[in-house]
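Presented below is the structure to which this report refers.
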Amino acid sequence: MYLAAVFLPLLGGLIAGSLSFIPDGGEKERKHKLDRAAQLITCGGMLLAAVAALVTFISVVLGGETGALEIFTWIDSGSMELSWELRADTLSLVMVLMVTVVSSMIHIYSVGYMSHDHSIPRFQSYLSLFTFFMLMLVTSNNLVQMFFGWEGVGLMSYLLIGFWFERPSACAAAIKAFVVNRVGDFGFALGIFATFLMFDTINFDVIFGLAEAQADQTINVFSGEFHALTVICLLLFVGAMGKSAQLGLHTWLPDAMEGPTPVSALIHAATMVTAGVFMVARLSPLFEHSDVALTVVTIVGASTAIFAATIGCVQNDIKRVIAYSTCSQLGYMFFALGVSAYSAGIFHLVTHAFFKALLFLGAGSVIHAMSDEQDMRKMGGLYKLIPVTYVMMWIGSLALAGVWPFAGFFSKDIVLEAAWGAHSAVGQYAFWLGIAAAFLTAFYSWRLLIMTFHGKPRADEVTMAHVHESPKVMLLPLMVLSVGAIFAGLGLYNWFVGAGTVDFWGNAIFVLEGHDALENAHHVPLWVKYLPLVVGLAGIAMAYVFYMFAPGIPAAIASTFKGVHRFLLNKWYFDELYDFLFVKPAFRLGHGLWKGGDGQVIDGVGPDGIAAATRNLARRAAALQSGFLYHYAFAMLLGVAILVTWFLVTGG
């Protein structure tokens, strides 16, 4: 069953992809049959994979028989012995179940959302292959196999973000995502090399078994001696920052909205952006031996949470608001990992997958109803026209804001309580920034709801006349995801972070003795427990005041604080900064090497230079062939004179 859960998406993706190469001959009926076949194959494969994942989860995790399933020997060279294995512990199986369930809902939703697209088999194929590579990543039993899945999701994200390649903006966004992730992946690759250098293996079980013995080892880097595990963990974390869009390597994530909405839901909710969080949790036996690395993870995560939340408050594109929300929530997950509350971080990852997929697909339903309009300033008054979508967006927003008893209340609160329970300076830093981000999260969530669904319609009459509820094939996945957004927190709390957490996780997560943040989280003062809910409700109340009861306030604030508003609207000017520091210098360097190096030196001295010299000599030689008799007679006399002179001078 485990093999079916992992490889059915690959099989479905390959079959659907092959259908995209079958010509339809311009016949609408034939094209419709090919499209429907691709949809049935991929959706059916994903649903079967989800069922197989559930059966495996019940039999392995609840049955207590974790291990690894070896498929074949991949590399056997010297001391490197590497098998292709599917790891079957609690962490992997939780991720497999979450990925297959959420991805299957997105596949089904895509049947309706992409119904008018001209490349349906290609799109469905990309979705399934994306899911397969994510499954490869989370089931890997060594770093190289993980890197295979890591690069696979990067490749598929490039193809999916740029799916509508006729749009220059989509192509630019795809390239940006690919390039920014390459920066992080370079750090990840260096981390793998350093790990092999340190442990002479990249197999997880062997590395984890040797981690404690190597805890005090040092490594030489750039002529300096540093703590080896700190260097390894920081390099690996650079890769996590790229994939999970943490502060500094986050700039690709909002632009990924150029892809179709199901792509946004798949990338942002259940797959690619959670890869970094999973990787740090998987490598907890290494991170636990480096306080410096854990501190960096905490600071970066907390800073990302507040940074993205501030930007989300001023965005006007409905998908970008949710995208920055994803970036912020990933920050919560990372600072949970940073204070050694790994299970709390994974708990928030799982609940977030449900309500964030719900929000993205709900936003897609709004866009579908509004004839592809995404600007919230051109919406309003939709709640009566698309009531089911309205209710689904409310459920997702309540979960995101952490309102009881929705999933986010349980997972976000335990993350904040763990940060407080760390009893450290960085824990306090993460807690208070997390509280501020919780307030802003609730504010921008209800800003989105009010601007989209309430007030007077701001769209033109033609658009409003065509507003309609989405088809059932799009609404059904929303309803399934809403169940997770409502009940996942309460249902999973005891296993993930409660009394049963030790038995549930087993050896999948390692926490050193003395790193008691999660245990302390259950004994924090009452005000720490209720503060996230209080600030969330305050954020909701402020959104109602600003956008429903006194809608002139936001414009007045933006006018009064123009600099701050412009700073946030321009995303803290990170894109402009990177453009100035990296993009423009790279273009200037490339242009100089092209014109000066390639054009003048290589071509000028090489093929172009030889060709020019040959043409010049030929031109000069041709000038001697004038065709006049007296020129030839003169040349002959000149030759005789030269010969006579030569004989006289040399005595020959």
Side-chain angles (χ1 to χ4, degrees), residues 4 6-50 100 103-136 148-149 151-178 256-267 271-272 361 364-365 367-368 371-372 466 470-474 476-477:
V6 175
F7 287 102
L8 276 174
L10 172 64
L11 181 62
L14 292 176
I15 295 173
S18 65
L19 293 178
S20 65
F21 293 102
I22 299 176
D24 55 31
E27 299 178 12
K28 289 186 178 181
E29 184 64 27
R30 181 175 174 81
K31 181 182 184 305
H32 177 73
K33 289 181 179 179
L34 290 173
D35 292 347
R36 186 51 57 93
Q39 292 167 341
L40 289 173
I41 290 168
T42 53
C43 292
M46 281 308 310
L47 287 171
L48 289 174
T100 52
S103 182
S104 61
M105 293 302 103
I106 294 171
H107 275 68
I108 295 171
Y109 178 92
S110 300
V111 173
Y113 191 87
M114 301 294 289
S115 60
H116 300 298
D117 196 86
H118 62 275
S119 300
I120 290 174
R122 179 165 62 93
F123 182 77
Q124 295 294 131
S125 173
Y126 287 173
L127 285 183
S128 288
L129 291 175
F130 191 107
T131 306
F132 164 72
F133 281 117
M134 186 65 189
L135 293 172
M136 278 287 98
F148 168 78
E151 291 302 297
V153 294
L155 169 64
M156 299 315 300
S157 69
Y158 169 78
L159 295 174
L160 283 167
I161 295 169
F163 179 76
W164 288 322
F165 54 83
E166 303 90 348
R167 303 178 182 179
S169 58
C171 294
I175 293 171
K176 186 176 183 179
F178 197 80
M257 297 301 97
E258 290 292 338
T261 298
V263 173
S264 304
L266 193 60
I267 291 177
T271 55
M272 182 170 167
L361 298 186
S365 185
I367 295 167
H368 178 79
S371 304
D372 296 329
H466 288 86
S470 298
K472 293 179 181 179
V473 73
M474 293 172 62
L476 180 62

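One-based numbering along the sequence shown.
- A distance of 11.0 Å separates NZ in K176 from CD1 in I161, rounded to the nearest 0.5 Å.
- Rounding to the nearest 0.5 Å places CE of M114 at 11.0 Å from CE of M474.
- Annotation for M272 and S157: closest pair SD-CB, 3.3 Å, computed over non-hydrogen atoms.
- Side chains of R36 and K33 form no contact here, defined as non-hydrogen atoms less than 4.5 Å apart.
- Atom CG of L159 sits about 9.0 Å away from atom CZ of F178, to the nearest 0.5 Å.
- Within the 3.5 Å criterion, the main-chain N or O of P121 finds no donor-acceptor partner in the side chain of S125.
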Open item on the list: Evaluate M105 against L47 for side chain to side chain contact (heavy atoms under 4.5 Å, CB included), listing each step before the verdict.
Closed with: CA-CA 8 Å; M105 293 302 103; L47 287 171; 4.2 Å; yes
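- Atom CD1 of I367 and atom OG of S264 lie 8.0 Å apart (nearest 0.5 Å).
- Closest of all the heavy-atom pairs between L48 and L8 is CB-CD1, 3.6 Å.
- Under the 3.5 Å distance criterion, the side-chain polar atoms of Y109 are matched with a main-chain donor or acceptor of L361.
- Residues I106 and M46 form no side-chain contact, since every pair of their non-hydrogen atoms from C-beta on lies 4.5 Å or further apart.
- A search for side chain to side chain donor-acceptor pair (under 3.5 Å) contacts involving Y126 returns nothing, not counting sequence neighbours.
- Side-chain atoms of C43 and Q124, non-hydrogen and from C-beta on, do get closer than 4.5 Å to each other.
- Not a single donor-acceptor pair under 3.5 Å links the side chain of S103 to the backbone N or O of T100.
- Classified by interplanar angle (parallel below 30°, tilted 30° to 60°, perpendicular above 60°), the ring pair F123/F163 is perpendicular.
- If you take CD1 on I120 and OG on S20, they are separated by 12.0 Å, rounding to the nearest 0.5 Å.
- G364 approaches T261 most closely through the heavy-atom pair CA-CG2, 3.5 Å.
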Open item on the list: Quick one, L135 with L10, criterion side chain to side chain contact (heavy atoms under 4.5 Å, CB included). Give me CA distance, side-chain angles, the key distance, then yes/no.
Closed with: CA-CA 10 Å; L135 293 172; L10 172 64; over 6 Å; no
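- Nearest heavy-atom pair, A170 versus E258, reported as atom, atom and distance to 0.1 Å: CA-CB, 3.8 Å.
- H32 contributes no side-chain N or O that, together with a main-chain N or O of K28, makes up a donor-acceptor pair within less than 3.5 Å.
- Applying the side-chain contact (heavy atoms from CB on, under 4.5 Å) test between L160 and each of L129, L127, L155, V153 identifies L127 as the sole match.
- One finds the OG1 atom of T42 at 11.5 Å from the CG atom of L11 (value rounded to the nearest 0.5 Å).
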TODO: Step by step, work out the side chain to side chain contact (heavy atoms under 4.5 Å, CB included) result for W164 and D117.
DONE: CA-CA 10 Å; W164 288 322; D117 196 86; 2.7 Å; yes
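- A37 approaches L19 most closely through the heavy-atom pair CB-CD1, 3.9 Å.
- Across S371 and H466, no two heavy atoms sit closer than the pair OG-CB, 4.3 Å.
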